[in-house]
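Letters A, B, ... are given to chains in the order of the sequence lines, protein chains preceding strands, and every chain is numbered from 1.
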2 protein chains.
Amino acid sequence: MIFCKTTEYALRIMSYMAMNEKKLYSANNIYENLRIPFRYLRKQLTILSKSGLIFSVQGKNGGYRLSKNLSEISLLDIIHAAGDNQIYNECFFGFQSCAFKKKCALHYKWEVVIESINNVLISTTLEELKKTGTPDCISKNSLIFTKNK
Amino acid sequence: MIFCKTTEYALRIMSYMAMNEKKLYSANNIYENLRIPFRYLRKQLTILSKSGLIFSVQGKNGGYRLSKNLSEISLLDIIHAAGDNQIYNECFFGFQSCAFKKKCALHYKWEVVIESINNVLISTTLEELKKTGTPDCISKNSLIFTKNK
DNA sequence: TTTAAATAATACCTGGAGGTATCATTTATG
DNA sequence: CATAAATGATACCTCCAGGTATTATTTAAA
Ligand code: SF4
Ligand code: SF4
């Protein structure tokens with residue numbers, strides 16, 4: 001699945017919030033739509049707030065709102081904001097670095113894969129996602145995971 | 001890093017053993033070259049044996065040997081043999097399946113990435129790896145991780 | 001000014017991946 | 001046949017991602 005759950009959650013949340021960049025989304029609202037375990041969701045939202053990609057408004061009628069333009073938030077930004085510092089290493093076998101001139105059969109093949117991943121993550125912004133309306137898809141999909149608060 | 005450690009270990013082990021398909025490799029030999037934590041390595045070797053990709057010879061001078069032709073062992077085979085049942089899901093957000101006609105902006109973009117991963121895993125066999133001599137690279141690289149038995 | 005609805009902080013619980021430790025079994029060889 | 005060198009089986013340890021629980025703080029609005 002490539003991303004860890006927490007990162008996936010962050011991607012879902014941010015994509016959902018991209019629906020309406022002006023709106024203040026409460027944790028409750030997000031929970032109702034994404035069905036991410038409530039208390040964990042709350043925790044992640046504060047983490048995302050601290051990252052600066054969104055900001056929070058406390059008190060009654062509070063919530064969260066994007067703090068940048070959609071076009072200024074890439075998927076990679078979100079991944080980092082979620083605290084996922086995983087680097088998409090280029091060695092297929094997971095070695096830190098290859099000290100050898102002669103590369104194995106996988107080296108270049110895999111480099112292409114890694115680059116295509118990074119390319120998607122860097123070049124795709126929330127703006128692009130909004131156009132095709134992901135969040136709707138997301139919220140409906142998540143109804144599969146029926147959980148109680 | 002895409003693969004879990006255990007899977008990485010399996011890939012390293014099998015690639016190393018592909019160097020000489022006739023040879024019986026002892027756990028000690030593999031340890032000396034790959035520096036995978038010894039007892040864990042032992043455990044993984046028995047798992048790989050049970051999977052059928054390699055077989056073990058017990059007793060003095062025993063060890064492990066590939067039980068198929070190099071061309072018959074793909075990277076995906078190895079991953080499965082290592083007990084890694086992860087399916088390379090096509091939904092970027094990690095949803096099980098998309099019940100919607102209208103796909104989000106990431107759907108096709110990501111499908112391409114996933115397919116390229118699966119393509120490498122399915123189409124690359126140990127035969128191909130042997131040609132370029134990965135194992136040497138692997139063994140030298142692993143000396144970085146100096147551990148004691 | 002009190003209350004209720006929201007977020008913040010903090011500490012704890014849990015399962016499973018990765019790693020250890022110990023003992024049992026197999027077998028070549030002197 | 002005794003020994004040493006190998007693998008097999010099993011049980012345990014440890015850390016951390018993911019998830020819970022509790023209490024504190026902020027603020028709109030009745
Ligand atoms: S040559 Fe192969 S083993 Fe060495 S760094 Fe590249 S992918 Fe990894
Ligand atoms: S359309 Fe988007 S959210 Fe829906 S399954 Fe495809 S990638 Fe996932």
### Message
Give me the atom names and distance for the closest heavy-atom approach of B:T132 to A:K103.
### Response
CB-O, 3.9 Å

### Query
What nucleotide, of C:dA21, C:dA8, C:dA6, holds the atom closest to the side chain of B:R39?
C:dA21

### Query
Nearest-Å distance, CG (B:L48) to C1' (D:dG8)?
14 Å

### Query
In whole angstrom, what separates B:F38's CZ from D:dG8's C1'?
13 Å

### Task
Mind calculating the distance between CD1 (A:I47) and P (C:dA8) to the nearest angstrom?
11 Å

### Message
What is the distance, to the nearest angstrom, from the CG atom on A:D84 to the P atom on D:dC16?
### Response
16 Å

### Task
Counting heavy atoms from C-beta on, name the nucleotide in C:dT27, D:dT22, D:dA29 closest to the side chain of A:K60.
D:dA29

### Summary
Of C:dT7, D:dT7, C:dT22, the nucleotide closest to the side chain of A:Q58 is C:dT7

### Message
Looking at B:V120, is its backbone amide N or carbonyl O close enough to the side chain of B:T124 to form a donor-acceptor pair, meaning the two atoms are under 3.5 Å apart?
### Response
yes

### Query
Using a cut-off of less than 4.0 Å, is there contact between a side-chain N or O of A:N61 and OP1 or OP2 of D:dA29?
yes

### Message
Measuring from the side chain of A:K5 (C-beta onward, heavy atoms only), which nucleotide among C:dT7, D:dT20, D:dG19 has the closest atom?
### Response
D:dG19

### Task
Could you check which of D:dT22, D:dA29, C:dT20 has an atom nearest any side-chain atom of B:Y40?
C:dT20

### Summary
Among C:dT20, D:dT20, D:dT7, the one nearest any side-chain atom of B:P37 is C:dT20

### Task
Grab the CG-P distance between A:L41 and C:dA8 for me, whole Å please.
12 Å

### Query
Hey, does A:L45 have a side-chain heavy atom less than 4.5 Å from the side chain of A:Y31?
no

### Query
Within less than 4.0 Å of OP1 or OP2 of D:dA5, is there a side-chain N or O belonging to B:S26?
no

### Task
Determine whether any donor atom in the side chain of B:K43 lies under 3.5 Å from an acceptor atom in the base of D:dG8, or the reverse, and answer yes or no.
no

### Message
Nearest heavy atom decides the nucleotide; on that basis, is A:V57 or A:Y9 closer to the 5' end of DNA chain D?
### Response
A:Y9

### Query
What is the distance from OH of B:Y64 to P of C:dT27, rounded to the nearest Å?
13 Å

### Query
Between atom CZ in A:R42 and atom P in C:dA8, what is the gap in whole Å?
7 Å

### Query
Backbone N or O of B:A18 within a donor-acceptor pair of the B:E21 side chain at under 3.5 Å?
no

### Message
Within this structure, what is the OG-CD1 distance for the pair A:S67 and A:I73, rounded to the nearest 0.5 Å?
### Response
6.5 Å

### Query
Should B:T6 be listed as having a side-chain N or O under 4.0 Å from OP1 or OP2 of C:dG18?
yes

